[in-house]
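Structure record follows, encoded as structure tokens.
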Amino acid sequence: MMDERLSENAEECLEAMYKITRNGKRVSTSALTEKLNVSPSSVTKMLKRLDEKGYVDYSPGKGTNLTRKGIRNARRITRKHRLLERFLHDFLKLRRDRIHDQACEMEHSLSDDAEMALCQVLGFPDRCPDDQQPIPPCDFEFSSCEECMERREKGIDEVNLRKSDTMSLADMKEGESGRVVFVRGDHKVMRRLLDMGITPGTTVRVLKIAPLGGPVEISVRGSSIALGRSIASNIFVDPDKSE
Amino acid sequence: MNQPARMKVFDDKEDFNRRKITIALAGNANVGKSVIFNHLTGSNQIIGNWPGKTVEIARGKLNFENYEIEIVDLPGIYSFSTYSLEEIVSREYILTEKPDVVINVVDASVLERNLFFTLQLKEMEVPLVVCLNQIDVARKKGIEVDDKKLQKLLGVPVVPTVAVRGEGLYSLIRSALKVVKEGPAKQKIIRYGDEVEERIEKLVSFIESKPIRLEYPLRWVAIKLLENDPEIRKLIPDSHKDIIEYSESLSRELEKIHGEPGFSIISSERYSVAGKIAGQVQKRASGEVNISERLDQIVMHRVFGYVISLLVIGGLLLWTFFIGNFFSGILSRLFEFFQPVDPQVSGTLIAILWNGAFGGIVAGITLVIPFVIPFYTLLTVIEDSGILTRIAFMMDSLMHKIGLHGKALIPLILGYGCNVPAIHATRILESRRERLLASLAITFAPCSARTIVLLGLVAVFAGIKWAIILYIIDFLVILGVGRIAFRALPGETPGLIMELHSFRVPSLWVVMRQTWIRTKSLIYLVFPIYIFGSSGVQALYALGILDPVGRLLSPLTVTWLGLPAITGILLIFGIVRKEYILLMLVAIYGMNLSQYLTQIQFVVLAFIGMLYLPCLSTITILAREFGWKSSAIISLTNLVTAIVLGGVFYRILSFIM
């Protein structure tokens, strides 16, 4: 759609890096070798190629990190993988230990249109079935799932891609802030969040993250609100660059 | 004076003679509505620094000058769009009962969010007075609000107040009466952004051109239609489907421009207007260190936060133990002076009935004064200061283990005082499923009465160590049973969305008032059950009706639980009042109980007494809140858990002791 097509192996490599760190931190080549289960030399070769294309920053001996472009692509492929897992699990009732490999095969050929339709049919899931990892948000310019659904009902095809970054509130650190771009969730939760002032475009700041998967306290429009971790992980912001 | 229908003509001089008026208090949760209500009416409202207490509409009377004013305290809500119970109740009340004036209580320290609601009230075109409350809290946060300017921008009277100290309430009522007498000033329309405003106006004139009459303000209906509000769409008759179609096409246009769905455009617009107004009237003094934020750093610290939570909850319970035990002893001796307090089961029937009734009163008093009042006093302090919401925040992930979120901790802690008000307080939770889960957990929480049994049996005859162990086991039982119930009841646990208000120094007035209100409602429910239940069950015993039942239960009590045969009867008595288990034992055996029961038996008996069935008062309130079926299921869950675990516990104890 917007980037040149990557080989399946390259996509697998990005996906593996994203699984190790969601935030573009450095990943050692050995960790990657282990995850991908291939020889270190072929991993190095792949990383060099991805570096040339601008997906990763590879510095020999120090490790590799995903670039912004790399994160986007890694996220998209991860999203397809986890959506497919949901589909295989929820619809086709495949056994839990079978879905991972099957999804790995299918993710590379799933088009963006099919991805959107799959998400709609599945009811906008937020977790994958096998290890409850979060499903990354889509890259279309929606501020809510409801909007996506409305487009579908009205048969509107053209959809822009999001220009901003998206990061879930649950992935942010204390003190970081960002502008709300997308909220995933059912109608009721959406409305309650809107009523609390968490509207698209609002700046929110993470004040406190309770340990052990506890809630996140944010500051929005001059007040503090505690959000359960599951709700916070479905609110996506365009993070402000650190001052 | 007998007006046939409610007439809504404000500019009429006749209204001068009208003496009866209605004022409704509306606003966000925890902004001080209940405090104002209490100040004005001296009536029963629960106040605290946690959101969402008023689910039913509270009404009270105030006589002011020549007016008989009915004050109506509406539930605290943030908008009229989600159709929670509270929102429907408020919307219906305001639109159909049409109070003479609505006082919108606004928290000056969180102005933007509060004005979001004010704007919605304005759209509904109700006669409005804004009460700018908590200006002292705002000042401490370094926020100065220009009330004159706010009044000008909103076009409605604005009265600054500090409700906890009663400041400004007199002029608030004066302003409200002025609105009633003179009629509201001409509605100043607060305009949205051009694109939205243009379409609102188009829709308004479109509806105007149609031959239909709506009961609601047109502009409000138009805005709600643009929001695709399902309830308002239902108001438009099928013969005027073109209105809906037109509003849909307008809202599609908006969606195209803004790239968000209709309902969120309007919310965003409303918030942006609220933000603009707030920005214009607020002055922020910079440089001041906010004490509340500093406290948050400690109370919500990833380590100290848990320590503090445990200390606060533990402290609350220990305080209740020690204070309660001390006063309870004094009071019992005092009553002993008049008449034996211990249950009598021989003599004439009249004497037994009288003894039971007297015992019931005494039990009530020796429970409420020494245990319940100190518990509620300290709890209210914790609540009013704002620490309780922080504890709920810290405990959210733990509560998720039993299918609840952090807010459910608040009623659960209440349950340690008395289950009855705690079950009532589960109303702050979102769904029936959550309320049931929370109530089940509450019935396992050892209330004051059970604490008495625990202290009287275990602490005295087996050592305080065992009392603490039982407390810990009980906590684990709550977790375990809660988890099983959560698995058994299908449904999703809604996530926590809770506003955290600034810390504040609890007001003595509020603390005393609320402790009294909670205690009072307890007295009304518990005393009659105590008095009649005690007489009744003692008479049954004296008439020999309970003996066969006790014998019938002996396979359970003697064989399975290893207790003396008399326990069957004790446990039947205990359903009426948990402390009866202890009192009857003393009545039958005398004070020197250790001659008749082994240490293990004391511990097992206390364990069973703690868990086996909710008391009659609790069963009653469960039935009132959820119906008899659910009440029976919860009670049976208690019973089965107690019997199964009791037997296992007995065998483990016999092995180790």
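Just so it is clear, the model here is predicted, and its values are computed rather than measured.
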Heavy atoms only: give me the nearest B:M394-A:P211 pair and the separation to one decimal.
CE-CD, 4.5 Å

Nearest heavy-atom pair of A:E217 and B:D296: which atoms, and what distance?
OE2-OD2, 4.2 Å

Closest heavy-atom pair, B:M300 versus A:K208, reported as atoms and distance to 0.1 Å, is O-CE, 3.2 Å

If we define contacts as heavy-atom pairs under 4.5 Å, which of B:G406, B:G495, B:A274, B:S109 has the most with chain A?
B:G495

Please classify the contact between B:Y306 and chain A as side chain, backbone, both or neither, with a heavy-atom cut-off of under 4.5 Å.
side chain

Counting only heavy atoms not in B:R483 (residues, nucleotides, ligands), do more than 12 fall under 6.0 Å from its CZ?
yes

Distance check, rounded to the nearest 0.5 Å: B:S268 atom OG versus A:I198 atom CD1?
12.0 Å

Heavy-atom distances under 4.5 Å only: say whether B:R252 touches chain A with side chain, backbone, both or neither.
side chain

Are B:L496 and A:I231 side-chain neighbours, meaning at least one heavy-atom pair lies under 4.5 Å?
no

With respect to chain B, which residue among A:S230, A:A232, A:P200 yields the maximal number of heavy-atom pairs within a distance under 4.5 Å?
A:P200

Can you tell me how far the CD atom of A:E146 sits from the OG atom of B:S264, to the nearest 0.5 Å?
8.5 Å

Does B:R113 use its side chain to pair, donor to acceptor, with the backbone of A:R221 at less than 3.5 Å?
no

Sort out for me which of A:S223, A:G222, A:G214 touches chain B most, counting heavy-atom pairs under 4.5 Å.
A:S223

Between chain A and each of B:A278, B:A392, B:S267, count heavy-atom pairs under 4.5 Å; write down the option with the most.
B:S267

Expected output: side-chain B:Y271 to main-chain A:G197 donor-acceptor under 3.5 Å
yes

Once you round to the nearest 0.5 Å, how far does OG of A:S219 lie from CG of B:L500?
11.0 Å

Name the region of B:E227, side chain, backbone, both or neither, that has any atom closer than 4.5 Å to a heavy atom of chain A.
backbone

Any side-chain heavy-atom pair from A:T199 and B:F116 closer than 4.5 angstrom?
no

Which atoms of A:V183 come close to chain B, meaning under 4.5 Å heavy atom to heavy atom: side chain ones, backbone ones, both, or neither?
neither

Distance from B:E87 atom CD to A:R191 atom CZ, nearest 0.5 Å?
10.0 Å

Side chain, backbone, both or neither: which part of A:L207 has an atom under 4.5 Å from a heavy atom of chain B?
neither

Atom pair CD (A:E174) and CZ (B:R302), whose distance is rounded to the nearest 0.5 Å
6.5 Å

In Å, rounded to the nearest 0.5 Å, how long is the span from CG of A:L194 to CD1 of B:I266?
11.5 Å

Looking at B:N28, B:V110, B:V303, which has the largest count of heavy-atom pairs under 4.5 Å with chain A?
B:V110

So do the side chains of A:L227 and B:M498 get within less than 4.5 Å of each other, counting heavy atoms only?
no

